[in-house]
Amino acid sequence: QAQLAESGGGSVQPGGSLRLSCASAKYGASYYSMGWFRQAPGKEREAVAGIAGDAITTYADSVQGRFTISRDNAKKTLFLQMNSLKPEDTAMYYCAATQEILAQFNLLAPSAYVLWGQGTQVTVSS
């Protein structure tokens with residue numbers, strides 16, 4: 001059973017918005033560092049955003065200014081607010097977590113994370 005569960009994906013027109021959630025299922029564990037990654041068909045997985053603690057965040061250049069990563073520690077949930085969506089944002093989105101305190105530069109490295117969710121599909125199309 002997955003320990004991380006994403007939700008909130010769907011289909012949206014270009015310019016629209018979606019909010020993804022990632023809950024720590026079953027164990028309700030708290031993870032210090034968490035991130036969002038995505039993978040489009042035929043492409044490699046790429047980093048989207050990462051957060052360490054409550055305030056240290058980092059974003060991929062492709063989403064900077066459009067996406068916002070945040071977390072609700074009481075609900076043990078990670079969020080990704082996606083605005084001004086573009087067709088090139090279409091992908092399966094995954095959340096990842098680790099209890100390690102990652103440095104900011106390491107938040108976008110997939111190898112730094114030990115737990116992964118099953119993914120939620122985001123499709124941006126007119």
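Computed over heavy atoms, backbone and side chain alike; hydrogens, waters and symmetry mates excluded.
One finds the CG atom of L115 at 15.5 Å from the OH atom of Y94 (value rounded to the nearest 0.5 Å). One finds the OG1 atom of T123 at 11.0 Å from the CG atom of D89 (value rounded to the nearest 0.5 Å). In this structure, CE in M82 is found 3.5 Å from CG in L20, a value given to the nearest 0.5 Å. A distance of 10.5 Å separates CG in L80 from SG in C22, rounded to the nearest 0.5 Å. Distance check, rounded to the nearest 0.5 Å: CG of L108 to CH2 of W36 gives 14.5 Å. Here the CD-CD1 distance, from Q104 to I56, works out to 6.5 Å after rounding to the nearest 0.5 Å.
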Can you give the donor-acceptor pairs under 3.5 Å from side chains of residues 40-50 to other protein atoms, not counting sequence neighbours?
unit_1, atom_1, unit_2, atom_2, d
E46, OE2, R38, NE, 2.6
E46, OE2, R38, NH2, 3.1

side-chain contact (heavy atoms from CB on, under 4.5 Å) between T77 and S24, intermediate numbers included:
CA-CA 6 Å; T77 303; S24 302; over 6 Å; no
Apply side-chain contact (heavy atoms from CB on, under 4.5 Å) to residues Y113 and L102 and explain how you reach the verdict.
CA-CA 9 Å; Y113 295 92; L102 298 178; 3.9 Å; yes
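In summary, the side chains of N83 and Q81 do present a donor paired with an acceptor at a separation below 3.5 Å, with no hydrogens or angles considered.
Criterion: ILVMFWY side-chain heavy atoms under 4.5 Å apart, direct or through other members. Under it, Y93 and I69 are part of a common hydrophobic cluster.
Considering every non-hydrogen atom in both M34 and R71, the closest pair reads SD-NH2, 3.8 Å. Closest heavy-atom contact between A52 and S33: CB-OG, 4.0 Å. L18 and V122 get closest at one heavy-atom pair: CD1-CG1, 3.9 Å. Closest of all the heavy-atom pairs between C95 and L78 is CB-CD2, 4.2 Å.
S11 has its side chain out of reach of S125: every pair of non-hydrogen atoms, C-beta onward, lies at least 4.5 Å apart. Contact of the T90 side chain with the Q121 side chain is registered, since non-hydrogen atoms from C-beta on lie closer than 4.5 Å.
Residue-environment remark: CD (E100) stays at or below the threshold of 12 foreign heavy atoms within 6.0 Å.
Remark: side-chain polar atoms of S84 are not paired, donor with acceptor, to backbone N or O of R66 under 3.5 angstrom.
With sequence neighbours left out, R19 forms a salt bridge (Lys or Arg N to Asp or Glu O under 4.0 Å) with no residue at all.
Applying the ring-ring contact (aromatic ring centres under 6.0 Å, His included) test to every pair with at least one member in residues 56-86, sequence neighbours left out, gives no pairs at all.
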